[in-house]
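Residue indices begin at 1 and follow the sequence shown. Every number for a ligand or one of its atoms is a count from 1 in the order of the listing.
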Amino acid sequence: MTAPTPLIAGNWKMNGSLAAIAEARAVSAGVGGGKARVALCPPATLIPAMSTALTGSAVLVGAQDCHWEASGAFTGDIAAEMLAEAGAALVILGHSERRAVYDETDELVARKAVAALRAGLEPIICVGETLEQRKAGDALDVVTAQVRGSLPRELERRPYSVAYEPVWAIGTGLTPTTAEIEEVHAAIRAVLVDRFGADEGAATPILYGGSVKPSNAQEILHAAEVGGALVGGASLKAADFLGIIGGL
Ligand code: PGA
């Protein structure tokens with residue numbers, strides 16, 4: 001059984017302007033070796049310019065969310081098909097900020113994943129416990145329930161990844177211990193194997209996200225069952241993001 005190719009994805013969140021495309025170019029110029037697949041997920045408005053700037057590059061462009069319908073009366077929303085047409089190849093779904101701020105449920109995330117697949121986008125499906133849940137000893141139960149609820153069966157034989165992002169580690173500088181990361185990743189792997197079978201369940205990269213930076217990337221990326229990283233703040237500067245990719 002071959003280990004999945006790692007994926008290191010940068011999530012720019014609601015940051016960046018056209019001037020920041022220079023950072024994407026610098027990432028592209030600095031990526032070498034090809035140990036990992038690399039993606040940048042800028043705000044949707046920057047997807048066309050970034051995908052044009054990265055034509056012929058190994059760096060993929062992704063989106064940060066999509067709607068579950070292909071079109072319709074959904075003011076302010078963007079369909080997966082529109083993101084694909086704009087140049088996105090991947091889409092982050094169920095990020096904890098969307099779960100917390102916009103009340104996104106597992107069921108909604110699963111519907112969005114189906115829409116992403118319909119449009120040919122590769123979903124990165126995020127899960128993770130809050131600090132209260134971890135303190136209460138519920139982290140594994142919370143995360144495995146999110147994985148079960150957020151992954152539609154349509155993912156069978158399709159490329160996607162799961163990102164474990166403890167809510168308390170996002171943007172805080174705090175990270176779980178390697179043992180804590182490995183414990184959660186093993187639990188996620190068990191759900192994937194249970195759902196999709198031994199071979200396919202083992203082929204999905206499980207990313208870690210939450211305060212990944214150049215100084216901790218190497219240790220995190222070499223932890224058992226860690227198949228890459230979802231990087232927020234440190235993906236905004238090419239030098240930092242390349243430092244993380246270099247940790248592999
Ligand atoms: P962070 O964010 O790297 O800034 O902690 C991670 C994320 O939200 O994906």
Task: Neighbour count above 12 (heavy atom, 6.0 Å) for Lys237 NZ - done: no
- [ ] Please answer whether the main-chain N or O of Ala89 pairs with a side-chain N or O of Glu122 as donor and acceptor at a distance below 3.5 Å.
- [x] no
TODO: Answer yes or no: is there a side-chain heavy-atom contact under 4.5 Å between Asp65 and Leu93?
DONE: yes
Open item on the list: Given a heavy-atom cut-off of 4.0 Å, could you list the residues near ligand 1 in chain and number order?
Closed with: Asn11, Lys13, His95, Glu165, Ala169, Ile170, Gly171, Gly210, Ser211, Leu230, Val231, Gly232, Gly233
- [ ] Return the set of residues passing side-chain hydrogen bond (donor to acceptor under 3.5 Å, both in side chains) with Trp168 (not counting sequence neighbours), or none when no residue passes.
- [x] Glu129
Open item on the list: How close do Leu221 and Ile244 get, counting heavy atoms only, and between which atoms?
Closed with: CD1-O, 3.5 Å
- [ ] I would like to know whether Arg195 and Glu156 meet salt bridge (charged side-chain N to carboxylate O under 4.0 Å, His left out); could you show each step before the answer?
- [x] CA-CA 9 Å; Arg195 171 75 74 87; Glu156 201 173 349; over 6 Å; no
